[in-house]
Each structure stands twice: as structure tokens, then as C-alpha cells.
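Report on the following structure.
Quick note: numbers below take in every heavy atom, side chains included, and nothing from hydrogens, waters or symmetry partners.
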Amino acid sequence: MENTVRYINALLNGEDTVIKEIYSKIYPKIASYIISNKGKSDDAHDVFHDALMYIMVTQKEKRTEIQSFESYLFIVCKNIWLKTLKNKVIKSDVLTLRDNEFDLSSFVLEQQCFEFYLAKFNLLSINCKDILTSYFNGNDYEEIVEEFSYASVNTVRQRVFKCRSKLIELIKGDKEFQKIMKWGQL
């Protein structure tokens, strides 16, 4: 948490020494991820730079609590890269024009939705977070029985259902949810 505040302050204040530290410590991991997922070195640099800009802009507008700067930066980079891959134009005889402003605003909206979801997810009990994380990562009920030493698959099903229901209740019970729903309908 201490480095998180230090890194965000450095980005907001343009402290070159600390920004270079961010690049040297975190950029290689981001570059490795992007290169191993159909990217090039230039792509990694662009994504990393865009993610830092995103963090600067959002933190200037409203300071939000970030537990781990490195994890948060990685998630932002991953989301930007996945969005880039999704929107890549396949070269053909037809020239396709893309509206980069729309891409950025769309990404910002998706990132805000993700952050909203993550905030609600973090309000769940540790047990619920662990079970849902395992479930959302594709583990089947039998694997979850083994992982958490539950009595049966039926017990796991009930637990997953209760935890998902609690998460949905937390999301729908927040007035921000209505704003997000309106944004999605634009």
C-alpha cells in the first residue's frame, strides 16, 4: 500500500525518478504478458503508457483506494490489450476507419464497470470471495469440494448460489448501479 500511494503521487506530480522505477519494476511483466498474447514490443509500450495515463486521469478526477498499484496497473493493461485485440482491424481490400475517441470512452466505461464490480466483490466474506474466484476461474464443483473440503457437490452449489446472490444484491442495491445501467443504454 505504501508503494501504491508513492507511485500514484509520482504519476500525478511528474516525479521522473519514481516513474522510471515503475517502468523498471512493472513494465517487463506487462511486456511479457502482451508479447505472449499476440502482441509486439511496441504494443506493450503503448498499452503501458495508456494505462499510466488512465490511472493519472482517473486519480486526478477522484482519488480511489487502490490496494496494490502493480496489480491494478496489470489489470488496466490487460483490459486495454484485450480491448485492442478485440478491435484490431484485419487488413483487407477495404480500409476501415476507427474512432479512437470512441474506443477510449468505451474502455473507460468498461473499466469503471469493472472497478464497480470489484468494489462490490471485495465487500463479500473471504470465504465467498475465495469460492466465487475458484468458480469464476472455471473450476467445476468437484474441484471446489476438494479445494475447500466441503462435504458434497450439493453443498458447494448452495454456497456458490448464496455468494452469487449476495454479490448481485450488493451490486443492485447501490445507486451507482442505476447510473451504470443508463450508461450502458446510450
Side-chain angles (χ1 to χ4, degrees), residues 1-88 98-126 128-130 132-133 136-137 167 170-171 173-184 186:
M1 184 74 171
E2 185 177 304
N3 266 345
T4 298
V5 172
R6 189 170 143 254
Y7 288 161
I8 290 172
N9 287 338
L11 287 173
L12 295 176
N13 299 323
E15 297 172 23
D16 288 338
T17 314
V18 180
I19 293 172
K20 286 177 184 175
E21 180 183 328
I22 293 170
Y23 269 88
S24 68
K25 283 187 174 181
I26 304 172
Y27 176 75
K29 295 172 189 171
I30 303 300
S32 174
Y33 169 78
I34 290 172
I35 291 168
S36 67
N37 285 283
K38 303 178 185 176
K40 296 183 174 114
S41 180
D42 288 344
D43 296 324
H45 181 74
D46 292 343
V47 167
F48 193 77
H49 179 74
D50 289 350
L52 290 177
M53 293 302 294
Y54 170 81
I55 291 172
M56 285 171 51
V57 169
T58 57
Q59 290 297 304
K60 267 185 186 174
E61 288 176 6
K62 179 182 174 193
R63 286 298 281 258
T64 56
E65 185 177 331
I66 298 172
Q67 296 297 321
S68 166
F69 182 84
E70 185 173 340
S71 297
Y72 184 75
L73 179 58
F74 184 83
I75 288 170
V76 172
C77 287
K78 182 178 175 184
N79 288 342
I80 291 172
W81 182 240
L82 292 175
K83 182 86 173 159
T84 302
L85 285 177
K86 186 174 154 184
N87 292 330
K88 267 202 170 172
R98 289 185 11 206
D99 183 354
N100 287 333
E101 283 185 32
F102 177 77
D103 285 350
L104 182 58
S105 64
S106 176
F107 168 74
V108 168
L109 177 60
E110 285 180 21
Q111 188 65 28
Q112 287 173 337
C113 289
F114 175 73
E115 289 169 7
F116 174 78
Y117 164 81
L118 199 56
K120 298 305 162 201
F121 184 83
N122 284 328
L123 295 175
L124 295 171
S125 68
I126 292 171
C128 269
K129 287 192 275 190
D130 291 344
L132 287 179
T133 298
F136 291 150
N137 283 333
L167 180 59
L170 288 169
I171 290 170
D174 192 302
K175 58 186 171 192
E176 257 328 280
F177 178 71
Q178 295 305 319
K179 289 181 188 174
I180 291 171
M181 292 303 290
K182 284 181 184 176
W183 291 337
L186 296 177

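Closest approach of L73 to A51, counting heavy atoms only: CD1-CB, 3.6 Å. Scanning both residues, I55 and T58, for their nearest heavy atoms gives O-OG1, 3.2 Å. Of all heavy-atom pairs spanning L85 and K38, the tightest one is CD2-CB, 4.3 Å. Looking at every heavy atom in both residues, A44 comes nearest to A31 through CB-CA, 3.6 Å. For L167 against L124, the heavy-atom pair with the smallest separation is N-CD2, 4.0 Å.
Aromatic ring orientation, Y33 versus F74: perpendicular (interplanar angle above 60°, classes split at 30° and 60°). Ring geometry for F48 versus Y27: interplanar angle over 60°, hence perpendicular rather than tilted (30 to 60°).
Here the straight-line distance linking atom CH2 of W81 with atom CD1 of I35 works out to 9.5 Å at 0.5 Å rounding. Rounding to the nearest 0.5 Å gives a distance of 6.5 Å between OG1 of T17 and NZ of K20.
Applying the side-chain contact (heavy atoms from CB on, under 4.5 Å) criterion to K60, with sequence neighbours excluded, gives L12. Not counting sequence neighbours, D46 has no partner by the salt bridge (Lys or Arg N to Asp or Glu O under 4.0 Å) test. Applying the side-chain contact (heavy atoms from CB on, under 4.5 Å) test to S125 and every residue at least two apart in sequence or in another chain returns N127, C128, R159.
Checked options N122, L170, I171; the residue passing with Y117 is I171 (criterion: side-chain contact (heavy atoms from CB on, under 4.5 Å)). The only option from V47, I30, I75 that meets the side-chain contact (heavy atoms from CB on, under 4.5 Å) definition with I80 turns out to be V47.
In this structure, the side chains of D43 and T84 stay at 4.5 Å or more apart for every pair of heavy atoms. Counting heavy atoms from C-beta on, the side chains of Y72 and T4 never come closer than 4.5 Å. Taking the side chain as every heavy atom from C-beta outward, F69 and I22 approach each other to under 4.5 Å.
A donor-acceptor pair shorter than 3.5 Å can be found between the side chains of E21 and Y7.
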Under the side chain to side chain donor-acceptor pair (under 3.5 Å) rule, what do Y54 and Q59 come out as? Steps first, then yes or no, please.
CA-CA 8 Å; Y54 170 81; Q59 290 297 304; over 6 Å; no
Evaluate the criterion side chain to side chain donor-acceptor pair (under 3.5 Å) for residue pair R6 and N3; output intermediate values, then yes/no.
CA-CA 5 Å; R6 189 170 143 254; N3 266 345; 2.9 Å; yes
